[in-house]
Amino acid sequence: MIDLDDLPRTKKLLRTGVPEMLYQYTNAASAMSIIKSRSFWAGLPEQMNDEKELKLAYQHLNNISLGHHLYKTLTGDDSLFAKWVADRDYDYFLEKSPKSFIVSLTPEGDSLSQWRAYCERTGGYCVGIPGDVIQTAADDDDWFLAPCLYEHDDIQTLVNEIFDYHVELFRKATASVSSTTDFGKATVACGDALLSDLRFYGHFIKHESFKDEKEWRLLKTDHHPAGSDLRYAGGREGIRAFIEFKFLPDIHPGFPSRPRPSLRIGPNVIPGNAEYASTRFLEQLNGDGNADVWSTNSSFR
């Protein structure tokens, strides 16, 4: 994978300051599991709600590479490389894709659209965890934390920079190649490396219709867990597989001051009914008297 330091424009987009708090909207049982286990469950992108996962990244790359070839903005061998990339179909793009696992989060702690999309009509919760806690855990266990990109110009910047980076690698790889066979092998190797990097960063490209979610993602890629390390749940797609992202160790001194883990109770007929139980439950993580529990400002629907 390309180091972000080699992609300065992309780094500026993805390495923005981590929000003070990051939240996940879920049901009561899952909220309790998150707090008790000190873990989020990371799911497979192909089993997530957004059906266009990775396809947008592929489409942008296809448009860019084909444009370079057709409009002769690249010439000679560079144009042949662009055409090779443009000729790869979506199945080829996904063919060598390693298993990836994603946790979806947001800096929005009380969003009506999120309540509607991800929570039951009653019993929904928004679990908040300090951003620096998540970032530290991500760094310690080789997860990648970054915001999603929704704007066309931002996505073009990312894909163009990755493409340009690999054109330079292609030039170096083919500079001293003398045979057609070796040139072909170098083209495939450089093209596959480009697709691999775009598959990684493509997990942070989303359709603009989702921009109100302001999603941040935790990504673990090229990961092949043992069956015993997977967690399973039923869903619309059948059996779903997850791995755990542990944001805190089992033994922790608690959170006497903010920012600290919090719970917000979703739209409910009688929103105050769950506050006492939710507060006492969260105190098991934060410490006695340190639980931040609120009810949503969104109306019951």
Side-chain angles (χ1 to χ4, degrees), residues 4 10-28 30-42 102-119 124-151 154 203-204 206 210-220 244-267 271 275 278-279 281-298:
L4 266 184
T10 299
K11 183 177 181 179
K12 188 175 180 180
L13 293 171
L14 297 183
R15 280 294 183 237
T16 59
V18 177
E20 181 177 80
M21 295 290 292
L22 285 167
Y23 302 92
Q24 186 172 89
Y25 289 75
T26 187
N27 56 46
S30 294
M32 292 173 64
S33 174
I34 291 167
I35 297 301
K36 187 173 182 180
S37 68
R38 301 157 190 240
S39 303
F40 289 115
W41 281 21
I102 286 173
V103 177
S104 295
L105 304 164
T106 176
E108 298 294 302
D110 190 9
S111 166
L112 179 58
S113 63
Q114 298 266 21
W115 292 121
R116 287 175 172 170
Y118 300 108
C119 296
Y125 277 82
C126 176
V127 181
I129 304 296
D132 64 344
V133 169
I134 293 175
Q135 183 68 75
T136 297
D139 292 342
D140 289 345
D141 197 27
D142 198 26
W143 289 73
F144 189 83
L145 174 66
C148 290
L149 305 179
Y150 303 93
E151 299 294 335
D154 290 342
H203 287 299
F204 298 91
K206 294 202 69 176
F210 292 93
K211 66 182 180 180
D212 288 344
E213 295 182 353
K214 300 177 182 178
E215 185 177 348
W216 279 65
R217 285 185 164 182
L218 278 160
L219 172 65
K220 184 86 155 182
E244 287 189 340
F245 168 78
K246 199 163 184 70
F247 55 80
L248 280 175
D250 291 331
I251 299 176
H252 187 271
F255 292 85
S257 60
R258 298 187 179 113
R260 59 193 177 200
S262 66
L263 284 174
R264 189 176 292 276
I265 304 167
E275 284 189 10
S278 300
T279 298
F281 187 80
L282 184 57
E283 283 179 339
Q284 296 178 78
L285 176 61
N286 288 7
D288 291 347
N290 298 328
D292 296 330
V293 177
W294 304 282
S295 291
T296 179
N297 293 316
S298 300

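For reference, positions follow the sequence shown, starting with 1.
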**Request:** Decide side-chain contact (heavy atoms from CB on, under 4.5 Å) for Leu14 and Leu149; before the verdict, give the C-alpha distance in whole Å, the side-chain angles of both, and the deciding distance to 0.1 Å.
**Result:** CA-CA 8 Å; Leu14 297 183; Leu149 305 179; 4.2 Å; yes

Does the side chain of [Y] come within less than 4.5 Å of [X]'s, by heavy atoms?
X	Y	answer
Cys119	Asn27	no
Leu105	Arg217	no
Trp294	Ile265	no
Phe204	Leu219	yes

**Item:** Under 3.5 Å donor-acceptor, Ser30 side chain and Thr26 backbone
**Value:** no

**Message:** Tell me whether Glu283 contacts the main-chain N or O of Gly289 through its side chain, where contact means a donor paired with an acceptor under 3.5 Å.
**Reply:**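 Yes, because the side chain of Glu283 sits within donor-acceptor range (under 3.5 Å) of the backbone of Gly289.
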
**Prompt:** According to the salt bridge (Lys or Arg N to Asp or Glu O under 4.0 Å) rule, which pairs have a member within residues 246-255, sequence neighbours left out?
**Reply:** Lys246-Asp250

**Message:** Using the side-chain contact (heavy atoms from CB on, under 4.5 Å) criterion, which residues pair with Asp141? Sequence neighbours excluded.
**Reply:**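 Residues passing side-chain contact (heavy atoms from CB on, under 4.5 Å) with Asp141: Trp143, Lys220.
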
**Message:** Just to verify, what does Ser111 make a side-chain contact (heavy atoms from CB on, under 4.5 Å) with, not counting sequence neighbours?
**Reply:**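 If we apply the side-chain contact (heavy atoms from CB on, under 4.5 Å) test to Ser111, skipping adjacent residues, the hits are Tyr25, Glu108, Ser113, Gln114.
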
For [X] and [Y], work out which heavy atoms get closest and say how close.
X	Y	result
Glu215	Ser104	OE2-OG, 2.6 Å
Asn286	Pro261	ND2-O, 2.8 Å
Pro256	Asn290	CA-ND2, 3.6 Å

Going from [atom1] on [X] to [atom2] on [Y], what distance comes out if it is rounded to the nearest 0.5 angstrom?
X	Y	atom1	atom2	value
Ile34	Phe245	CD1	CZ	12.0 Å
Leu285	Leu263	CG	CG	9.0 Å
Leu4	Leu13	CG	CG	10.0 Å

**Request:** Could you check Ser37 against Glu244 for side-chain hydrogen bond (donor to acceptor under 3.5 Å, both in side chains), going step by step and ending with a plain yes or no?
**Result:** CA-CA 9 Å; Ser37 68; Glu244 287 189 340; 4.7 Å; no

**Request:** Step by step, work out the side-chain contact (heavy atoms from CB on, under 4.5 Å) result for Asp110 and Ser298.
**Result:** CA-CA 8 Å; Asp110 190 9; Ser298 300; 3.8 Å; yes

**Sequence-distant partners of Asp292, side chain to side chain donor-acceptor pair (under 3.5 Å), two or more places apart** = Arg258, Arg260

**Prompt:** Does a donor on one side chain sit under 3.5 Å from an acceptor on the other, for Ser295 and Glu275?
**Reply:** yes

**Request:** Report yes or no: do Trp115 and Thr296 form a side-chain donor-acceptor pair below 3.5 Å?
**Result:**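 Trp115 vs Thr296: donor-acceptor pair found between side chains.
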
**Message:** Checking Thr106 against Glu213 for the side-chain hydrogen bond (donor to acceptor under 3.5 Å, both in side chains) test, could you report, in this order, the C-alpha distance in whole Å, the side-chain angles of both residues, the deciding distance, and whether it holds?
**Reply:** CA-CA 7 Å; Thr106 176; Glu213 295 182 353; over 6 Å; no

**Request:** Determine the interplanar angle of the Phe40 and Phe247 rings, folded into 0 to 90°, and report it as parallel if under 30°, tilted if 30 to 60°, perpendicular if over 60°.
**Result:**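 Ring orientation, 0 to 90° scale: tilted.
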
**Message:** Using the rule given for side-chain contact (heavy atoms from CB on, under 4.5 Å), can you reason through Tyr125 versus Ser278, listing the C-alpha separation, both sets of side-chain angles and the distance that settles it, and then say yes or no?
**Reply:** CA-CA 10 Å; Tyr125 277 82; Ser278 300; 2.7 Å; yes

Please list, one pair per line, the donor and acceptor atoms closer than 3.5 Å that link side chains of residues 15-23 to other protein atoms, with sequence neighbours excluded.
from  : atom 1 : to     : atom 2 : distance (Å)
Arg15 : NH1    : Leu145 : O      : 2.8

**Asked** Who are the ring-ring contact (aromatic ring centres under 6.0 Å, His included) partners of Phe255, not counting sequence neighbours?
**Response**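 Counting only residues at least two positions away or on another chain, Phe255 forms a ring-ring contact (aromatic ring centres under 6.0 Å, His included) with His252.
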
**Asked** Can you list the steps and then say if Lys36 with Phe281 is a side-chain contact (heavy atoms from CB on, under 4.5 Å)?
**Response** CA-CA 9 Å; Lys36 187 173 182 180; Phe281 187 80; 4.2 Å; yes

